[in-house]
Amino acid sequence: MNAEQERRAPAGVLVIFGASGDLTARKLLPALEQLADQGALTPEVVLVGVARTPMSDGEFRDYCRQRAPGDGGERWHALTETARYVAGGYDDPATYARLAEVLEECDRAHGTAGNRVYYFSTPPRLFGPIALSLGKAGLSRPDDGESVRAVIEKPFGWDEDSARELYADLTTAFSEEQIFRIDHYLAKETVQNLLALRFANSIFEPIWNRTWVDNVQITVAETLGVGERGGFYETTGAMRDIVQNHVLQVLSLFLMEPPTSFHPEAIRDEKVKLLRAIRPLDEEAEIAANAVRGQYTRGGTREDLMAGYREEPGVDPLSSTETFVAMRLDIDNWRWTGVPVYVRTGKRLPARVTEVVMQFHQPPQLPLFPGPSSELEPDALVVRVQPDEGLSLRFGAKVPGHAFRVQKASMDFSYSSFTEQSPDAYERVILDALVGDPTLFIRADEVGRSWRIVDPVLRFWAQDDRPIPLYQAATWGPPEANALVTRDGRNWRLSS
């Protein structure tokens, strides 16, 4: 039995707001089925759905079974057999009065002991109203010996000001310790492995600094366009969708100082310190020099011609929304001063890949080697978040033969080498929320610091009257993204 199976959720009710929605069907119910089949959910865990869609308890139970991809084991069958459903508007007091009755019935019938986890699987505009309604109904504060938590999906606001407004709404009902903000990237095995890579291996920590590291690159690339999400993407863009949360969260875990312990707050403290150390891009000249945006146009091959962003459903034909972002960030602390961090993300790029690359300084004696070895790429540690989760260490090695030729070689580790199957990210975040482990969830001060990094750039782009740079689909972004790196005498690591 592995460590994940040894962790079991205590007695309690998991209440999903938006239970008839897309996220619940695609992610939450399949994750719950897996957790049930793994034995991670005790018999005293009960599922309650809340949504506007009219359904009876029986119809909701059938819905849960239909949306789960597996055959469903004995525990999953038992979980769905006791599931309850509350239909009603999210701002209707009657909805919460009925929910209170259902929760009390669960306590009496199934021993859920007054413990609740509210999962907000709704559009972000409803987060505040749901929290306020839970508070007014007296459902947000635990009595002695009970636990009540609110699990919030991203985005956490539209900018720093709206994030503060959301925080004010949430904290009228919940304390900060009760609020669990999800970034599912942090629940991916390779992202969690960053902590083990650094702090469980003595060979890495001594070189994890400016003395040995030349630059760090973070790439989050997607081959798909916006598809049917054009309306959503028009109001979001790549900076809000990926950089403000996924990229900065991975960056902070990868580059933070060693925590004093593996207590959740010690880890989150160090992440916040790292985000505070990122030099803000406040001046327009700094932003223009260090932040690049782009938008994909029609591209590909004659046989596989991909539509441009402005041709996608729900997109303004004159849109200036960015589908690509590249930035150079500098960290002003003792460990990383002088080491540039290059980040990029985009849609309709040539490969689907999320990776973190730490490139090391070139050895001073490299020109002594004959032939093309003097043009070798720098040594690098590559952490692959997706696909093929794992890591590679790239280094120079002699090619077999009589001549002394050096070329790049690699040592690779893949999570597929483990016999245990990596859990889906939503399995981890749901179980952590039920258990009450906040390590992989985002604290309010992390949200604020992240917005403070990207807000000036977004404001500058909003008032910039120059046309947005364009790039053809299936290419690595606009030329300005390459110039961002090549002007420093470096190159993006090309992902394959």
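All values below come from the heavy atoms of this structure, side chains included, with hydrogens, waters and symmetry mates left out. All values reported here derive from a predicted model rather than from experimental measurement.
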Novice: Does a donor on one side chain sit under 3.5 Å from an acceptor on the other, for Gln386 and Glu355?
Specialist: no
Novice: If you compare all heavy atoms of Val339 against all heavy atoms of Asp214, which two are closest, and at what distance to 0.1 Å?
Specialist: CG1-O, 3.8 Å
Novice: Taking Arg443 first and then Glu265, would you say they form a salt bridge - that is, a charged N and a carboxylate O separated by under 4.0 Å?
Specialist: yes
Novice: My understanding is that only one of Gln295, Lys347, Met239 makes a side chain to side chain contact (heavy atoms under 4.5 Å, CB included) with Glu322; could you say which?
Specialist: Met239
Novice: Kindly determine whether Trp208 and Leu381 satisfy side chain to side chain contact (heavy atoms under 4.5 Å, CB included), including the steps that lead there.
Specialist: CA-CA 11 Å; Trp208 214 272; Leu381 180 66; 3.7 Å; yes
Novice: With the threshold set at 4.0 Å, does a side-chain nitrogen-carboxylate oxygen contact exist between Asp332 and Arg279?
Specialist: yes
Novice: Is the shortest distance from a Lys or Arg side-chain nitrogen in Arg335 or Glu205 to a carboxylate oxygen in the other one below 4.0 Å?
Specialist: yes
Novice: May I ask you to decide whether Arg181 forms a salt bridge with Asp183, counting only side-chain N to carboxylate O separations under 4.0 Å?
Specialist: no
Novice: Judged by modelled atom types alone, do Gln244 and Lys154 share a side-chain donor-acceptor pair under 3.5 Å?
Specialist: no
Novice: Measuring from Trp492:CH2 to Thr219:OG1, what's the distance to the nearest 0.5 Å?
Specialist: 5.5 Å
Novice: With no hydrogens and no angle check, just 3.5 Å: does a side-chain donor-acceptor pair link Gln38 and Glu33?
Specialist: no
Novice: According to ring-ring contact (aromatic ring centres under 6.0 Å, His included), who are the partners of Phe127, at least two apart in sequence or on a separate chain?
Specialist: none
Novice: Would you call Arg452-Glu160 a salt bridge at under 4.0 Å N-O?
Specialist: yes
Novice: Cation over ring, Arg240 on Trp451, under 6.0 Å and within 45°?
Specialist: no
Novice: Within 45 degrees of the ring normal and closer than 6.0 Å to the centroid, is that where the cationic atom of Arg344 sits relative to Trp476?
Specialist: yes
Novice: With a 4.0 Å cut-off, would you call Asp445 and Arg449 a salt bridge?
Specialist: no
Novice: Side chains of Tyr471 and Arg348 only: does a donor on one sit below 3.5 Å from an acceptor on the other?
Specialist: no
Novice: Any idea which heavy atoms bring Leu349 and Ala221 closest together, and the distance?
Specialist: CD1-CB, 3.6 Å
Novice: Looking at residues at least two apart in the chain, or sitting in another chain, which of them share a ring-ring contact (aromatic ring centres under 6.0 Å, His included) with Tyr426?
Specialist: His184
Novice: Just checking, is any N or O donor in the side chain of Ser392 or Arg384 under 3.5 Å from an acceptor N or O on the other one?
Specialist: yes
Novice: Evaluate the salt bridge (charged side-chain N to carboxylate O under 4.0 Å, His left out) criterion for residues Asp269 and Lys271: first the C-alpha distance (whole Å), next the side-chain angles of each, then the deciding distance (0.1 Å), finally the verdict.
Specialist: CA-CA 6 Å; Asp269 285 344; Lys271 288 170 61 187; over 6 Å; no
Novice: Before we go on, tell me: are the rings of Phe204 and Trp212 under 6.0 Å apart, centre to centre?
Specialist: no
